[in-house]
2 protein chains.
Amino acid sequence: MPETLTGRDDEARAEQVYQLVLEGIVAGRYEQGARLRERELSELYNVSRIPVREAIQRLEQDGFVETFPRRGAVVRQLTLTDVNELFDVRLCLETFAARMAAVRVAAGEPGLRLKELLDDTRQAIDDDRTDDVVRLSAAFHAEIVRLSGNRLLIESVKPLFGRMRWIFGLAHNRSNELQRDEHMELCNAILGGKAELAYTLAYSHIELGREPVLKGLAETLEP
Amino acid sequence: MPETLTGRDDEARAEQVYQLVLEGIVAGRYEQGARLRERELSELYNVSRIPVREAIQRLEQDGFVETFPRRGAVVRQLTLTDVNELFDVRLCLETFAARMAAVRVAAGEPGLRLKELLDDTRQAIDDDRTDDVVRLSAAFHAEIVRLSGNRLLIESVKPLFGRMRWIFGLAHNRSNELQRDEHMELCNAILGGKAELAYTLAYSHIELGREPVLKGLAETLEP
DNA sequence: TCCGGACTTTTTGTATACCAAAAATAGACT
DNA sequence: AGTCTATTTTTGGTATACAAAAAGTCCGGA
């Protein structure tokens, strides 16, 4: 029973509720269309209904729950269609981001953070810290988008990353080693300012991730 | 003084507040970083602060206002950078949508609505109903995205269309006749199932829109 | 005169209590 | 058992209150 929010660090209760519920969703603690009742959550987390409503609104906007008028919010369940749609949109936006990132780096934008993330991933793999590997991999993709310099693109991609976290949490994935190799190549292309190469590498890297995830989710969905 | 919302059709006060404020923003009734005070809006529209907050949250998510902790929301102002970013992201998503739409039509999805919109636009141009022309043009682009069948793509594009409405409201545009010709070509490609052609036509159509809008906005911004 | 700090007012973020109406649920009746 | 009705939940909304952070104001001193 987390009385976590009671008197403690105030400021942004809504944000905290959002994070807590999201955590529950990606960890699979809610199942198939479970209802999120406002009063239930507000009592659980010792906050009023206002922050809860705000959190639920954001969860809906990020595609984790669905709300129906006068019936409230229910946790969505991921389908194979969702995964395919996600990968298609990622192919659109992230390949563009990779190309732009290369252009911007060629124009002087510092891209060292990308290499750092790669080094950290190396460490995390060697230490077998699986959660960190996943987190760092996501951070790598996010950093490329950030490097693109297009704020609207960054905004547009944000909800996708939320969904990715969810999907990768449910359906795992393929060899970390292989993925890191691809990240390395992509990193080199971007830091070398090779825009078209970055585009191509990003494309194949994302596309390579699709099948394994689909297969993993299919298994999770129907055991 | 619109007591519009008072006893009337309840249901979705937040939505109405959202629409009303958005209307004000795209119509340019608010200027350069004007503050949106919760109580002010709630008194203006005769609602409590909750629907107002909800509306403001959505306005932020759609990029019309910016909020700062403990300082509330201010109306954003469009910059040339915003326009360029918007067109770049549109090039990503809408060209993909056009390609997918062609594929889906070839696979049997009915695309007649696209032709209807084109006919309506013809009428609107002939009748000199400028507002309708703009609205129908937007609807044409939206319909292509809808035809793509990718719900996540539809969600991702929604905020862009909001911004487009804003931008086209401020900075007008180029010959309706020319645009309609391009729409016609694109429509034919999609209905003919010619995916790559649809992609190319969508690309050049969107890109052709960029310069005029930039020029128009530059004039609006510094008179 | 102009500057900086103390005081006052606004405004947000949240809480509490309450209500109408729609859904969900239970119950009664055929 | 199946349908119609009554009861409880639950949402969406209102009103009001309050602490704390900003913003705005005022005032005294260099």
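Residue numbering restarts at 1 for every chain, and letters A, B, ... go by the order of the sequence lines.
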Report the distance from atom CD of B:Glu60 to atom P of C:dG13, rounded to the nearest whole Å. 10 Å
For A:Arg39 and D:dT11, what is the distance between atoms CZ and C1' respectively, to the nearest whole Å? 9 Å
Counting only side-chain heavy atoms from C-beta out, which of C:dT12, D:dG13, C:dA15 sits nearest to A:Arg13? C:dA15
From A:Arg39 CZ over to A:Arg49 CZ, what is the distance, rounded to the nearest 0.5 angstrom? 6.0 Å
Would you state whether a donor and an acceptor, one from the side chain of A:Arg49 and one from the base of D:dG12, lie under 3.5 Å apart? yes
Side chains of B:Glu15 and B:Gln19: any donor to acceptor distance under 3.5 Å? yes
Can you measure A:Leu41 atom CG to C:dA15 atom P for me and round it to whole angstrom units? 13 Å
Are B:Phe64 and B:Tyr18 close enough, and set up right, to give a side chain to side chain contact (heavy atoms under 4.5 Å, CB included), and what steps lead you there? CA-CA 11 Å; B:Phe64 294 105; B:Tyr18 172 87; 4.2 Å; yes
In whole angstrom, give the distance that lies between atom CD1 of A:Ile56 and atom C1' of D:dT11. 10 Å
Tell me: CG of B:Asn46 to C1' of D:dA15, nearest whole Å? 14 Å
May I have the distance from A:Arg58 (atom CZ) to C:dG13 (atom P), rounded to whole angstrom? 13 Å
Between atom CD in B:Gln57 and atom P in C:dT12, what is the gap in whole Å? 14 Å
Among the nucleotides C:dA24, C:dT12, C:dA15, whichever has the atom closest to the side chain of B:Glu38 is C:dT12
Taking the minimum atom-to-atom distance to the side chain of B:Arg35, which one of D:dG12, D:dA23, C:dT16 wins? D:dA23
Could you tell me if B:Arg90 sits above the aromatic ring of B:Phe87, with its cationic atom closer than 6.0 Å to the ring centre and no more than 45 degrees from the axis? yes
Between A:Arg71 and A:Ile50, who's closer to the 5' end of DNA chain D by nearest nucleotide? A:Arg71
Tell me, please, whether A:Phe68 has A:Arg71 positioned over its six-membered ring: NZ or CZ under 6.0 Å from the ring centre and within 45 degrees of its axis? yes
For atom CZ of A:Arg70 and atom P of C:dA22, their distance in whole Å: 7 Å
Taking for each residue the nucleotide of DNA chain C bearing the nearest heavy atom, is the 5' side occupied by A:Glu54 or by B:Glu40? B:Glu40
Evaluate A:Arg76 against A:Asp82 for salt bridge (charged side-chain N to carboxylate O under 4.0 Å, His left out), listing each step before the verdict. CA-CA 11 Å; A:Arg76 284 199 47 185; A:Asp82 285 320; 2.8 Å; yes
Below the 4.0 Å mark, does D:dT10 have OP1 or OP2 next to a side-chain nitrogen or oxygen of A:Arg37? yes
Between atom NE2 of A:His141 and atom CD of A:Glu94, what is the distance when rounded to the nearest 0.5 Å? 6.0 Å
Side-chain atoms of B:Pro51 come closest, of D:dG13, C:dA24, D:dA20, to D:dG13
At how many degrees, to 10°, do the end axes of the helix from C:dT1-D:dA30 to C:dT30-D:dA1 meet when each uses five pairs? 10°
Check whether any side-chain N or O of B:Arg53 sits under 4.0 Å from OP1 or OP2 of C:dT12, and answer yes or no. no
